[in-house]
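Everything numeric in this text was worked out from a predicted model, so none of it was measured. In what follows, chains carry the letters A, B, and so on, assigned in the order in which the sequence lines appear, proteins first and then strands, with residues in each chain numbered from 1. All values below come from the heavy atoms of this structure, side chains included, with hydrogens, waters and symmetry mates left out.
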Amino acid sequence: MLTIPFIRENKDAILKGLEIKNFHSPELIDQIIELDNERRSLQVKTNELQAEMNRLSKEIGQLFKSGEKEKANQVKEQTTSIKQQLETLEQDLQAANMQLNELLVQVPNIPHPSVPAGKSDADNMEIRRGGDIPKLPEGSMPHWELAKKYKLIDFELGVKITGAGFPVYRGQGAKLQRALISWFLDMNTSAGYEEILPPLMVNEASGFGTGQLPDKEGQMYHATLDNLYLIPTAEVPVTNIYRDVILNAEDLPVKNTAYTPCFRREAGSYGKDVRGLNRVHQFDKVEIVQIQHPSRSYEALEEMVLHVEQLIIKLGLPYRILELCGGDLSFTSALTYDFEVYSAAQDKWLEVSSVSNFESYQANRLKLRFREAGEKRPMLAHTLNGSSLALPRIMAALLENNQGQEGIAIPEVLQPYMGPGNVRIS
RNA sequence: GGAGGAAUGGCAGAGUGGUCGAAUGCGGCGGUCUUGAAAACCGUUGUUCGCGCGAGCGGACCGGGGGUUCGAAUCCCUCUUCCUCCGCCA
(Lines give C-alpha, C1' and ligand atoms only; values in the text may rest on other atoms or scores of the structure.)
Protein backbone atom coordinates (compact mmCIF):
# COMPACT_ATOMS: atom_id res chain seq x y z
CA MET A 1 0.00 0.00 0.00
CA LEU A 2 0.96 3.62 -0.33
CA THR A 3 2.45 5.39 2.67
CA ILE A 4 0.49 8.19 4.30
CA PRO A 5 3.29 10.78 3.90
CA PHE A 6 3.36 9.93 0.20
CA ILE A 7 -0.38 10.37 -0.09
CA ARG A 8 -0.29 13.68 1.73
CA GLU A 9 2.47 15.08 -0.42
CA ASN A 10 1.42 13.75 -3.83
CA LYS A 11 -2.32 13.98 -3.86
CA ASP A 12 -2.59 15.37 -7.39
CA ALA A 13 -0.16 12.89 -8.89
CA ILE A 14 -2.02 10.08 -7.16
CA LEU A 15 -5.39 11.17 -8.49
CA LYS A 16 -3.93 11.38 -11.99
CA GLY A 17 -2.36 7.95 -11.63
CA LEU A 18 -5.55 6.39 -10.34
CA GLU A 19 -7.37 7.87 -13.30
CA ILE A 20 -5.01 5.92 -15.59
CA LYS A 21 -5.84 2.83 -13.59
CA ASN A 22 -9.56 3.54 -14.05
CA PHE A 23 -9.91 3.87 -10.34
CA HIS A 24 -12.53 6.55 -9.89
CA SER A 25 -12.69 7.28 -6.22
CA PRO A 26 -10.98 10.58 -5.51
CA GLU A 27 -12.99 11.00 -2.32
CA LEU A 28 -11.14 8.02 -0.88
CA ILE A 29 -7.91 10.03 -0.88
CA ASP A 30 -9.60 12.95 0.84
CA GLN A 31 -11.08 10.60 3.39
CA ILE A 32 -7.65 9.19 4.14
CA ILE A 33 -6.09 12.59 4.64
CA GLU A 34 -8.97 13.70 6.82
CA LEU A 35 -8.90 10.54 8.91
CA ASP A 36 -5.15 10.89 9.30
CA ASN A 37 -5.62 14.40 10.66
CA GLU A 38 -8.14 13.07 13.12
CA ARG A 39 -5.79 10.28 14.08
CA ARG A 40 -2.98 12.73 14.72
CA SER A 41 -4.99 14.97 17.00
CA LEU A 42 -6.22 11.89 18.87
CA GLN A 43 -2.67 10.76 19.28
CA VAL A 44 -1.49 14.11 20.58
CA LYS A 45 -4.23 14.09 23.23
CA THR A 46 -3.60 10.47 24.11
CA ASN A 47 0.13 10.98 24.40
CA GLU A 48 -0.35 13.98 26.65
CA LEU A 49 -2.59 12.06 29.02
CA GLN A 50 -0.28 9.09 28.98
CA ALA A 51 2.62 11.35 29.90
CA GLU A 52 0.58 12.78 32.76
CA MET A 53 -0.33 9.28 33.89
CA ASN A 54 3.30 8.19 33.82
CA ARG A 55 4.28 11.23 35.83
CA LEU A 56 1.66 10.58 38.51
CA SER A 57 2.51 6.90 38.72
CA LYS A 58 6.11 7.71 39.36
CA GLU A 59 5.09 10.19 42.00
CA ILE A 60 2.98 7.59 43.76
CA GLY A 61 5.90 5.21 43.67
CA GLN A 62 8.16 7.81 45.26
CA LEU A 63 5.60 8.66 47.93
CA PHE A 64 5.11 5.04 48.92
CA LYS A 65 8.85 4.61 49.10
CA SER A 66 9.26 7.52 51.45
CA GLY A 67 6.34 6.29 53.54
CA GLU A 68 3.90 9.10 52.71
CA LYS A 69 0.90 6.82 52.31
CA GLU A 70 -1.70 9.51 52.82
CA LYS A 71 -0.34 11.70 50.08
CA ALA A 72 0.09 8.74 47.79
CA ASN A 73 -3.55 7.83 48.11
CA GLN A 74 -4.53 11.39 47.33
CA VAL A 75 -2.57 11.32 44.10
CA LYS A 76 -4.09 7.94 43.35
CA GLU A 77 -7.53 9.51 43.34
CA GLN A 78 -6.41 11.98 40.69
CA THR A 79 -5.55 9.17 38.37
CA THR A 80 -9.02 7.65 38.19
CA SER A 81 -10.56 10.37 36.02
CA ILE A 82 -7.50 10.53 33.78
CA LYS A 83 -7.66 6.79 33.44
CA GLN A 84 -11.25 6.96 32.28
CA GLN A 85 -10.52 9.64 29.71
CA LEU A 86 -7.53 7.71 28.53
CA GLU A 87 -9.57 4.59 28.03
CA THR A 88 -11.97 6.20 25.57
CA LEU A 89 -9.19 8.11 23.84
CA GLU A 90 -7.17 4.97 23.35
CA GLN A 91 -10.17 3.19 21.93
CA ASP A 92 -10.85 6.06 19.54
CA LEU A 93 -7.25 6.13 18.46
CA GLN A 94 -7.19 2.42 17.83
CA ALA A 95 -10.44 2.66 15.87
CA ALA A 96 -9.03 5.51 13.78
CA ASN A 97 -5.91 3.52 13.02
CA MET A 98 -7.92 0.51 11.96
CA GLN A 99 -10.25 2.57 9.82
CA LEU A 100 -7.32 4.31 8.21
CA ASN A 101 -5.74 0.98 7.40
CA GLU A 102 -8.98 -0.26 5.89
CA LEU A 103 -9.04 2.75 3.58
CA LEU A 104 -5.36 2.50 2.72
CA VAL A 105 -5.59 -1.07 1.47
CA GLN A 106 -8.32 0.04 -0.90
CA VAL A 107 -5.98 2.34 -2.80
CA PRO A 108 -4.15 0.55 -5.60
CA ASN A 109 -0.57 1.23 -6.56
CA ILE A 110 0.09 4.24 -8.75
CA PRO A 111 1.11 3.31 -12.30
CA HIS A 112 4.47 4.30 -13.73
CA PRO A 113 4.28 7.42 -15.96
CA SER A 114 4.90 5.29 -19.06
CA VAL A 115 1.77 3.18 -18.51
CA PRO A 116 -0.72 3.87 -21.29
CA ALA A 117 -4.34 4.63 -20.52
CA GLY A 118 -6.79 1.92 -21.46
CA LYS A 119 -9.78 -0.05 -20.36
CA SER A 120 -8.87 -3.69 -20.94
CA ASP A 121 -6.26 -6.05 -22.34
CA ALA A 122 -7.25 -4.83 -25.80
CA ASP A 123 -5.51 -1.54 -25.00
CA ASN A 124 -2.19 -3.03 -23.97
CA MET A 125 0.78 -1.69 -25.86
CA GLU A 126 2.91 -4.08 -27.85
CA ILE A 127 6.60 -3.45 -27.15
CA ARG A 128 8.11 -5.93 -29.58
CA ARG A 129 7.69 -9.41 -30.97
CA GLY A 130 10.02 -12.17 -32.05
CA GLY A 131 10.15 -15.66 -33.50
CA ASP A 132 8.27 -16.96 -36.50
CA ILE A 133 4.68 -18.06 -36.41
CA PRO A 134 4.78 -21.56 -37.93
CA LYS A 135 2.55 -22.57 -40.78
CA LEU A 136 0.99 -25.78 -39.56
CA PRO A 137 0.29 -28.62 -41.97
CA GLU A 138 -3.18 -29.87 -42.78
CA GLY A 139 -4.69 -31.93 -39.98
CA SER A 140 -2.76 -30.31 -37.16
CA MET A 141 -4.39 -30.36 -33.77
CA PRO A 142 -4.83 -28.21 -30.68
CA HIS A 143 -2.76 -29.30 -27.72
CA TRP A 144 -5.57 -31.10 -25.89
CA GLU A 145 -5.91 -33.46 -28.83
CA LEU A 146 -2.15 -33.86 -29.15
CA ALA A 147 -1.98 -34.55 -25.42
CA LYS A 148 -4.47 -37.36 -25.90
CA LYS A 149 -2.87 -38.74 -29.05
CA TYR A 150 0.59 -39.03 -27.50
CA LYS A 151 -0.74 -39.86 -24.01
CA LEU A 152 0.94 -36.83 -22.43
CA ILE A 153 -1.84 -35.30 -20.37
CA ASP A 154 -5.08 -36.88 -19.14
CA PHE A 155 -7.67 -34.25 -18.36
CA GLU A 156 -10.52 -36.67 -17.64
CA LEU A 157 -8.42 -38.57 -15.13
CA GLY A 158 -7.83 -35.31 -13.29
CA VAL A 159 -11.58 -34.78 -13.16
CA LYS A 160 -11.97 -38.20 -11.60
CA ILE A 161 -9.31 -37.71 -8.96
CA THR A 162 -9.94 -34.07 -8.14
CA GLY A 163 -12.07 -32.06 -10.55
CA ALA A 164 -11.93 -30.02 -13.73
CA GLY A 165 -8.74 -28.05 -14.17
CA PHE A 166 -6.45 -30.53 -12.44
CA PRO A 167 -4.68 -32.28 -15.32
CA VAL A 168 -2.68 -35.47 -14.89
CA TYR A 169 0.62 -35.45 -16.76
CA ARG A 170 2.06 -38.83 -17.64
CA GLY A 171 4.88 -40.49 -19.52
CA GLN A 172 6.68 -38.13 -21.86
CA GLY A 173 4.25 -35.40 -20.84
CA ALA A 174 5.33 -35.62 -17.22
CA LYS A 175 8.94 -35.79 -18.27
CA LEU A 176 8.67 -32.75 -20.53
CA GLN A 177 7.10 -30.88 -17.64
CA ARG A 178 10.01 -31.80 -15.40
CA ALA A 179 12.49 -30.89 -18.15
CA LEU A 180 11.00 -27.42 -18.45
CA ILE A 181 11.09 -26.87 -14.69
CA SER A 182 14.72 -28.00 -14.45
CA TRP A 183 15.83 -25.96 -17.42
CA PHE A 184 14.09 -22.82 -16.21
CA LEU A 185 15.62 -23.18 -12.76
CA ASP A 186 19.07 -23.80 -14.20
CA MET A 187 18.80 -20.76 -16.46
CA ASN A 188 17.64 -18.62 -13.54
CA THR A 189 20.32 -19.77 -11.14
CA SER A 190 23.02 -19.16 -13.72
CA ALA A 191 21.62 -15.64 -14.05
CA GLY A 192 22.33 -15.14 -10.34
CA TYR A 193 19.03 -16.13 -8.76
CA GLU A 194 19.20 -18.24 -5.60
CA GLU A 195 16.95 -21.28 -5.80
CA ILE A 196 14.23 -21.52 -3.13
CA LEU A 197 11.82 -24.36 -2.47
CA PRO A 198 9.15 -22.73 -0.32
CA PRO A 199 6.03 -23.98 1.47
CA LEU A 200 2.96 -24.32 -0.74
CA MET A 201 0.64 -23.03 1.94
CA VAL A 202 0.85 -19.63 3.57
CA ASN A 203 -0.76 -17.91 6.53
CA GLU A 204 -2.93 -14.82 6.48
CA ALA A 205 -0.08 -12.41 7.18
CA SER A 206 1.78 -13.62 4.09
CA GLY A 207 -1.32 -13.34 1.93
CA PHE A 208 -1.70 -9.78 3.12
CA GLY A 209 1.97 -8.95 2.65
CA THR A 210 2.00 -9.50 -1.09
CA GLY A 211 -1.50 -8.12 -1.60
CA GLN A 212 -3.57 -11.25 -2.27
CA LEU A 213 -5.53 -10.49 0.89
CA PRO A 214 -7.91 -8.91 1.32
CA ASP A 215 -8.23 -8.07 -2.37
CA LYS A 216 -8.29 -11.51 -3.97
CA GLU A 217 -9.55 -13.64 -1.15
CA GLY A 218 -11.90 -15.60 -3.41
CA GLN A 219 -9.16 -16.56 -5.84
CA MET A 220 -7.20 -18.64 -3.35
CA TYR A 221 -7.98 -22.07 -1.97
CA HIS A 222 -8.48 -21.65 1.73
CA ALA A 223 -7.94 -24.46 4.23
CA THR A 224 -10.27 -23.01 6.83
CA LEU A 225 -9.57 -25.56 9.54
CA ASP A 226 -6.02 -24.29 9.86
CA ASN A 227 -6.61 -20.90 8.24
CA LEU A 228 -3.95 -21.49 5.60
CA TYR A 229 -4.07 -20.61 1.92
CA LEU A 230 -2.72 -22.63 -1.00
CA ILE A 231 -0.34 -20.36 -2.84
CA PRO A 232 -1.51 -18.87 -6.14
CA THR A 233 2.12 -18.16 -7.06
CA ALA A 234 5.60 -18.63 -5.56
CA GLU A 235 5.71 -14.85 -5.30
CA VAL A 236 3.75 -15.12 -2.06
CA PRO A 237 6.00 -17.38 0.05
CA VAL A 238 9.24 -16.14 -1.53
CA THR A 239 8.56 -12.42 -1.14
CA ASN A 240 7.30 -13.03 2.39
CA ILE A 241 10.70 -14.42 3.33
CA TYR A 242 11.61 -10.75 3.59
CA ARG A 243 8.57 -9.61 5.54
CA ASP A 244 9.62 -7.51 8.59
CA VAL A 245 13.23 -7.59 7.45
CA ILE A 246 15.71 -4.72 7.32
CA LEU A 247 18.43 -5.48 4.79
CA ASN A 248 21.71 -3.68 4.33
CA ALA A 249 22.01 -1.69 1.14
CA GLU A 250 24.98 -3.81 0.11
CA ASP A 251 22.80 -6.96 0.28
CA LEU A 252 20.74 -5.59 -2.61
CA PRO A 253 19.66 -6.83 -5.00
CA VAL A 254 18.26 -10.03 -3.55
CA LYS A 255 17.48 -12.41 -6.38
CA ASN A 256 15.45 -15.57 -5.76
CA THR A 257 13.90 -18.15 -8.03
CA ALA A 258 11.46 -20.86 -7.07
CA TYR A 259 9.55 -23.64 -8.72
CA THR A 260 6.15 -24.33 -7.19
CA PRO A 261 2.79 -25.65 -8.19
CA CYS A 262 0.27 -22.80 -8.17
CA PHE A 263 -3.35 -23.09 -7.11
CA ARG A 264 -6.07 -20.81 -8.37
CA ARG A 265 -9.80 -21.10 -7.98
CA GLU A 266 -10.37 -19.09 -11.15
CA ALA A 267 -13.91 -18.39 -10.07
CA GLY A 268 -15.85 -16.87 -12.94
CA SER A 269 -13.85 -18.32 -15.84
CA TYR A 270 -15.73 -20.21 -18.49
CA GLY A 271 -15.99 -21.25 -22.11
CA LYS A 272 -13.27 -21.84 -24.64
CA ASP A 273 -10.71 -19.96 -22.56
CA VAL A 274 -10.58 -22.85 -20.15
CA ARG A 275 -10.08 -25.54 -22.78
CA GLY A 276 -7.12 -27.86 -22.21
CA LEU A 277 -4.20 -26.15 -20.55
CA ASN A 278 -5.38 -22.63 -21.23
CA ARG A 279 -6.71 -22.15 -17.71
CA VAL A 280 -6.32 -24.69 -14.94
CA HIS A 281 -6.66 -24.74 -11.16
CA GLN A 282 -3.26 -26.27 -10.50
CA PHE A 283 -0.24 -25.56 -12.62
CA ASP A 284 3.52 -25.44 -12.37
CA LYS A 285 5.46 -22.24 -12.54
CA VAL A 286 9.00 -21.06 -12.01
CA GLU A 287 9.13 -17.58 -10.57
CA ILE A 288 11.85 -14.96 -10.23
CA VAL A 289 11.75 -12.39 -7.43
CA GLN A 290 14.00 -9.41 -6.85
CA ILE A 291 14.35 -7.06 -3.90
CA GLN A 292 15.91 -3.92 -5.28
CA HIS A 293 17.19 -0.52 -4.33
CA PRO A 294 14.55 2.02 -5.38
CA SER A 295 17.00 3.79 -7.66
CA ARG A 296 17.67 0.61 -9.62
CA SER A 297 14.31 -1.16 -9.73
CA TYR A 298 13.43 -0.14 -13.29
CA GLU A 299 16.84 -1.21 -14.51
CA ALA A 300 16.13 -4.54 -12.84
CA LEU A 301 12.73 -4.76 -14.48
CA GLU A 302 14.30 -4.39 -17.93
CA GLU A 303 16.92 -6.98 -17.03
CA MET A 304 14.19 -9.40 -15.98
CA VAL A 305 12.31 -8.81 -19.21
CA LEU A 306 15.44 -9.56 -21.24
CA HIS A 307 16.04 -12.70 -19.21
CA VAL A 308 12.53 -14.06 -19.73
CA GLU A 309 12.70 -13.14 -23.39
CA GLN A 310 15.83 -15.23 -23.78
CA LEU A 311 14.06 -18.27 -22.35
CA ILE A 312 11.28 -17.99 -24.88
CA ILE A 313 13.72 -17.39 -27.74
CA LYS A 314 15.72 -20.46 -26.77
CA LEU A 315 12.53 -22.52 -26.75
CA GLY A 316 11.94 -21.29 -30.30
CA LEU A 317 8.47 -19.96 -29.61
CA PRO A 318 6.97 -16.95 -31.39
CA TYR A 319 6.23 -14.29 -28.80
CA ARG A 320 5.26 -10.72 -28.16
CA ILE A 321 5.84 -8.44 -25.19
CA LEU A 322 3.11 -6.10 -24.03
CA GLU A 323 3.19 -3.20 -21.65
CA LEU A 324 -0.06 -3.43 -19.73
CA CYS A 325 -2.38 -0.47 -19.91
CA GLY A 326 -3.80 1.12 -16.77
CA GLY A 327 -7.00 -0.87 -16.93
CA ASP A 328 -5.24 -4.24 -17.14
CA LEU A 329 -2.54 -3.50 -14.58
CA SER A 330 -2.92 -5.42 -11.34
CA PHE A 331 -3.89 -3.72 -8.11
CA THR A 332 -0.38 -3.81 -6.67
CA SER A 333 1.75 -3.23 -9.76
CA ALA A 334 3.28 0.01 -11.03
CA LEU A 335 4.45 -1.40 -14.34
CA THR A 336 3.91 -4.82 -15.86
CA TYR A 337 5.13 -6.47 -19.02
CA ASP A 338 3.22 -9.50 -20.20
CA PHE A 339 4.76 -12.13 -22.39
CA GLU A 340 2.56 -14.03 -24.78
CA VAL A 341 3.47 -16.96 -26.99
CA TYR A 342 1.59 -17.83 -30.10
CA SER A 343 -0.48 -20.97 -30.06
CA ALA A 344 -0.56 -21.95 -33.70
CA ALA A 345 -3.36 -24.49 -33.61
CA GLN A 346 -5.64 -22.30 -31.51
CA ASP A 347 -4.60 -19.28 -33.52
CA LYS A 348 -4.24 -17.08 -30.46
CA TRP A 349 -1.76 -15.53 -28.07
CA LEU A 350 -1.34 -17.13 -24.67
CA GLU A 351 0.04 -15.27 -21.65
CA VAL A 352 3.03 -17.13 -20.23
CA SER A 353 4.71 -14.53 -18.08
CA SER A 354 4.00 -11.33 -16.27
CA VAL A 355 6.96 -9.28 -15.08
CA SER A 356 6.18 -6.47 -12.68
CA ASN A 357 7.69 -3.74 -10.59
CA PHE A 358 5.68 -3.12 -7.45
CA GLU A 359 7.99 -0.34 -6.32
CA SER A 360 7.44 0.08 -2.56
CA TYR A 361 3.78 -0.92 -2.59
CA GLN A 362 4.32 -4.50 -1.43
CA ALA A 363 7.33 -3.50 0.65
CA ASN A 364 5.19 -1.14 2.70
CA ARG A 365 2.78 -3.93 3.52
CA LEU A 366 5.63 -6.32 4.17
CA LYS A 367 7.66 -3.79 6.14
CA LEU A 368 10.53 -4.82 3.91
CA ARG A 369 13.24 -2.22 4.26
CA PHE A 370 16.93 -1.64 3.80
CA ARG A 371 19.45 0.66 5.35
CA GLU A 372 21.95 2.72 3.46
CA ALA A 373 25.44 2.48 5.00
CA GLY A 374 25.75 5.19 7.66
CA GLU A 375 22.06 6.13 7.49
CA LYS A 376 19.96 5.93 10.61
CA ARG A 377 16.51 5.45 9.12
CA PRO A 378 15.68 2.43 7.01
CA MET A 379 13.89 2.91 3.68
CA LEU A 380 11.32 0.80 1.90
CA ALA A 381 12.84 -1.46 -0.73
CA HIS A 382 11.32 -2.16 -4.13
CA THR A 383 10.01 -5.60 -5.01
CA LEU A 384 9.76 -7.13 -8.45
CA ASN A 385 8.74 -10.49 -9.75
CA GLY A 386 8.05 -12.36 -12.91
CA SER A 387 7.21 -15.78 -14.21
CA SER A 388 10.09 -17.53 -15.84
CA LEU A 389 8.01 -19.27 -16.83
CA ALA A 390 4.45 -20.54 -16.32
CA LEU A 391 4.37 -24.04 -17.75
CA PRO A 392 0.92 -24.99 -19.06
CA ARG A 393 0.71 -22.51 -21.90
CA ILE A 394 4.37 -23.01 -22.78
CA MET A 395 3.55 -26.71 -22.99
CA ALA A 396 0.47 -25.96 -25.10
CA ALA A 397 2.42 -23.77 -27.51
CA LEU A 398 5.31 -26.23 -27.74
CA LEU A 399 3.02 -29.14 -28.54
CA GLU A 400 1.04 -27.22 -31.12
CA ASN A 401 3.85 -25.32 -32.81
CA ASN A 402 6.26 -28.24 -32.94
CA GLN A 403 3.87 -30.89 -34.20
CA GLY A 404 4.76 -32.70 -37.42
CA GLN A 405 4.42 -35.96 -39.27
CA GLU A 406 6.94 -37.77 -37.06
CA GLY A 407 5.70 -36.35 -33.78
CA ILE A 408 6.43 -33.35 -31.63
CA ALA A 409 9.93 -31.88 -31.82
CA ILE A 410 11.59 -31.19 -28.52
CA PRO A 411 13.52 -27.90 -28.36
CA GLU A 412 17.26 -28.42 -28.34
CA VAL A 413 17.73 -26.82 -24.92
CA LEU A 414 15.37 -29.35 -23.36
CA GLN A 415 16.79 -32.45 -25.01
CA PRO A 416 19.52 -33.01 -22.38
CA TYR A 417 16.78 -33.08 -19.75
CA MET A 418 14.69 -35.61 -21.69
CA GLY A 419 17.37 -38.27 -21.86
CA PRO A 420 19.72 -39.17 -24.66
CA GLY A 421 18.32 -39.40 -28.15
CA ASN A 422 15.04 -37.79 -27.23
CA VAL A 423 14.58 -35.26 -30.00
CA ARG A 424 10.85 -35.74 -30.38
CA ILE A 425 7.76 -37.18 -28.79
CA SER A 426 6.19 -39.80 -31.02
C1' G B 1 -2.32 -35.97 19.97
C1' G B 2 -0.65 -36.11 25.62
C1' A B 3 2.80 -34.25 29.75
C1' G B 4 6.42 -30.70 31.21
C1' G B 5 9.70 -26.33 30.22
C1' A B 6 10.74 -21.85 27.65
C1' A B 7 10.16 -17.11 24.56
C1' U B 8 13.97 -10.31 26.76
C1' G B 9 17.88 -5.67 22.14
C1' G B 10 22.32 -8.25 16.03
C1' C B 11 23.78 -12.64 19.36
C1' A B 12 24.48 -14.58 24.42
C1' G B 13 22.21 -13.55 28.91
C1' A B 14 20.44 -10.86 33.83
C1' G B 15 16.10 -8.85 35.52
C1' U B 16 9.76 -11.87 39.42
C1' G B 17 5.35 -5.13 40.57
C1' G B 18 7.94 1.42 41.08
C1' U B 19 13.02 6.31 36.50
C1' C B 20 13.83 -0.82 33.24
C1' G B 21 13.92 0.59 26.79
C1' A B 22 15.97 -2.77 30.16
C1' A B 23 22.48 -4.88 33.75
C1' U B 24 26.62 -7.47 31.81
C1' G B 25 29.37 -9.95 27.92
C1' C B 26 30.12 -10.57 22.65
C1' G B 27 29.54 -8.37 18.01
C1' G B 28 29.02 -3.55 15.10
C1' C B 29 30.40 1.67 14.49
C1' G B 30 33.60 6.06 15.95
C1' G B 31 38.00 7.56 18.49
C1' U B 32 42.89 7.37 21.39
C1' C B 33 47.47 4.75 20.93
C1' U B 34 50.42 2.61 16.42
C1' U B 35 54.53 3.24 10.42
C1' G B 36 50.11 -0.15 9.78
C1' A B 37 47.40 -3.90 12.29
C1' A B 38 46.25 -6.53 16.80
C1' A B 39 45.68 -5.76 21.95
C1' A B 40 44.21 -2.17 25.47
C1' C B 41 41.34 2.03 26.75
C1' C B 42 37.27 5.74 25.84
C1' G B 43 32.72 6.74 23.48
C1' U B 44 28.57 4.99 20.74
C1' U B 45 25.16 1.27 19.21
C1' G B 46 16.91 -1.25 18.69
C1' U B 47 12.13 -0.24 16.11
C1' U B 48 8.17 3.00 15.64
C1' C B 49 4.33 7.05 16.03
C1' G B 50 3.39 12.13 17.10
C1' C B 51 4.69 17.46 18.26
C1' G B 52 8.58 21.13 16.83
C1' C B 53 11.94 25.18 11.53
C1' G B 54 15.48 23.14 14.88
C1' A B 55 18.24 21.69 19.30
C1' G B 56 14.79 18.73 21.30
C1' C B 57 10.25 16.84 23.71
C1' G B 58 6.42 13.17 24.46
C1' G B 59 4.09 8.26 23.49
C1' A B 60 4.25 2.89 22.26
C1' C B 61 6.99 -1.68 21.88
C1' C B 62 10.66 -7.32 26.50
C1' G B 63 6.69 -13.65 21.07
C1' G B 64 0.99 -11.89 19.64
C1' G B 65 -3.74 -10.42 21.88
C1' G B 66 -6.50 -9.38 26.32
C1' G B 67 -6.83 -8.54 31.76
C1' U B 68 -5.41 -7.01 37.12
C1' U B 69 -2.96 -2.38 39.14
C1' C B 70 -1.95 4.49 40.40
C1' G B 71 2.15 1.65 38.05
C1' A B 72 3.62 -4.76 34.45
C1' A B 73 9.49 -7.43 31.10
C1' U B 74 7.82 -9.04 36.10
C1' C B 75 1.06 -11.25 38.25
C1' C B 76 -3.50 -13.61 35.58
C1' C B 77 -6.06 -15.44 30.91
C1' U B 78 -5.49 -16.78 25.86
C1' C B 79 -3.06 -17.74 21.24
C1' U B 80 1.47 -18.79 18.60
C1' U B 81 6.29 -20.71 18.31
C1' C B 82 10.50 -23.46 20.16
C1' C B 83 12.78 -27.31 23.47
C1' U B 84 12.41 -32.19 26.36
C1' C B 85 9.70 -36.76 27.09
C1' C B 86 5.59 -40.14 25.48
C1' G B 87 2.37 -41.63 21.40
C1' C B 88 1.79 -41.77 16.03
C1' C B 89 4.17 -41.42 11.35
C1' A B 90 6.90 -40.51 5.69
Taking atom [atom1] in both [N] and [M], what distance in whole Å separates the two?
N      : M      : atom1 : answer
A22(B) : U74(B) : C1'   : 12 Å
U69(B) : G28(B) : P     : 48 Å
U45(B) : C53(B) : P     : 26 Å
A7(B)  : G13(B) : C1'   : 13 Å
C83(B) : U32(B) : C1'   : 46 Å
G64(B) : U81(B) : P     : 15 Å
U16(B) : G50(B) : C1'   : 33 Å
G87(B) : C76(B) : P     : 32 Å

(request) Could you identify which residues of residues 77-89 of chain A place a heavy atom less than 4.0 Å from some atom of RNA chain B, listed by residue number, or say none? (result) Thr79(A), Lys83(A)

Does [N] pair with anything, Watson-Crick or G-U wobble, both distances under 3.5 Å, and if so, with which nucleotide?
N      : answer
U68(B) : none
U74(B) : none
C53(B) : none
C29(B) : G43(B)
A14(B) : none
A23(B) : none
C85(B) : G2(B)
U80(B) : A7(B)

Checking all strands, does [X] fall into the base, sugar-phosphate, or nothing category for heavy-atom contacts under 4.0 angstrom?
X        : value
Ile60(A) : base
Arg55(A) : nothing
Asn73(A) : nothing
Gln50(A) : sugar-phosphate

(message) Once salt bridge (charged side-chain N to carboxylate O under 4.0 Å, His left out) is applied, do any residues pair with Glu303(A), and if so which ones, sequence neighbours excluded?
(response) Lys255(A)

(message) If the threshold is 4.0 Å, N to carboxylate O, is there a salt bridge linking Arg55(A) and Glu59(A)?
(response)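 Counted as a salt bridge, because a side-chain N and a carboxylate O are separated by less than 4.0 Å.
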
(message) Regarding Asp12(A) and Lys16(A), does a basic nitrogen lie under 4.0 Å from an acidic carboxylate oxygen?
(response) no

(message) Check the orientation of Tyr298(A) and His112(A). Use parallel for under 30°, tilted for 30 to 60°, and perpendicular for over 60°.
(response)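 Correct class here is tilted.
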
(request) Name the orientation class of the two ring planes belonging to Phe331(A) and Tyr361(A) (parallel below 30°, tilted from 30 to 60°, perpendicular beyond 60°). (result)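 Rings of Phe331(A) and Tyr361(A): perpendicular, over 60°.
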
Side-chain atoms of residues 76-84 of chain A: list all donor-acceptor pairs with protein atoms under 3.5 Å, sequence neighbours left out, distances to 0.1 Å.
residue: Thr79(A); atom: OG1; partner: Lys76(A); partner atom: O; Å: 2.4
residue: Thr80(A); atom: OG1; partner: Glu77(A); partner atom: O; Å: 2.7

(request) Identify the 5'-most and 3'-most nucleotides of RNA chain B with at least one atom closer than 4.0 Å to a non-hydrogen atom of chain A. (result) G18(B) to G71(B)

(message) Both Ile4(A) and Glu48(A) contact RNA chain B. Taking the nearest nucleotide for each, which residue is further toward the 5' end?
(response)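 Nearest-nucleotide comparison on RNA chain B picks Ile4(A).
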
(request) For Gln43(A) and for Met53(A), locate the closest nucleotide of RNA chain B by heavy-atom distance; then report the residue assigned to the nucleotide nearer the 5' terminus. (result) Gln43(A)

(request) Measure the spacing between CD of Gln50(A) and CG of Leu89(A) and express it to the nearest 0.5 Å. (result) 9.0 Å

(request) Show the numbers, then the answer: is there a side chain to side chain contact (heavy atoms under 4.5 Å, CB included) between Leu56(A) and Glu52(A)? (result) CA-CA 6 Å; Leu56(A) 289 177; Glu52(A) 176 68 4; 4.1 Å; yes

(request) Give a yes or no on whether the backbone of Gln219(A) and the side-chain of Arg264(A) come within a donor-acceptor separation of less than 3.5 Å. (result) no

Check residues 170-186 of chain A and write down every donor-acceptor pair under 3.5 Å in which the side-chain atom is one partner and the other belongs to a residue at least two apart or another chain.
residue: Gln177(A); atom: NE2; partner: Asp284(A); partner atom: OD2; Å: 3.0
residue: Ser182(A); atom: OG; partner: Arg178(A); partner atom: O; Å: 3.1
residue: Asp186(A); atom: OD2; partner: Tyr417(A); partner atom: OH; Å: 2.6

(message) Considering only residues two or more places apart or on different chains, which pairs with a residue in residues 368-380 of chain A satisfy side chain to side chain donor-acceptor pair (under 3.5 Å)?
(response)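 Every side chain to side chain donor-acceptor pair (under 3.5 Å) pair that includes a residue of residues 368-380 of chain A, provided the two are not neighbours, is His293(A)-Glu372(A).
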
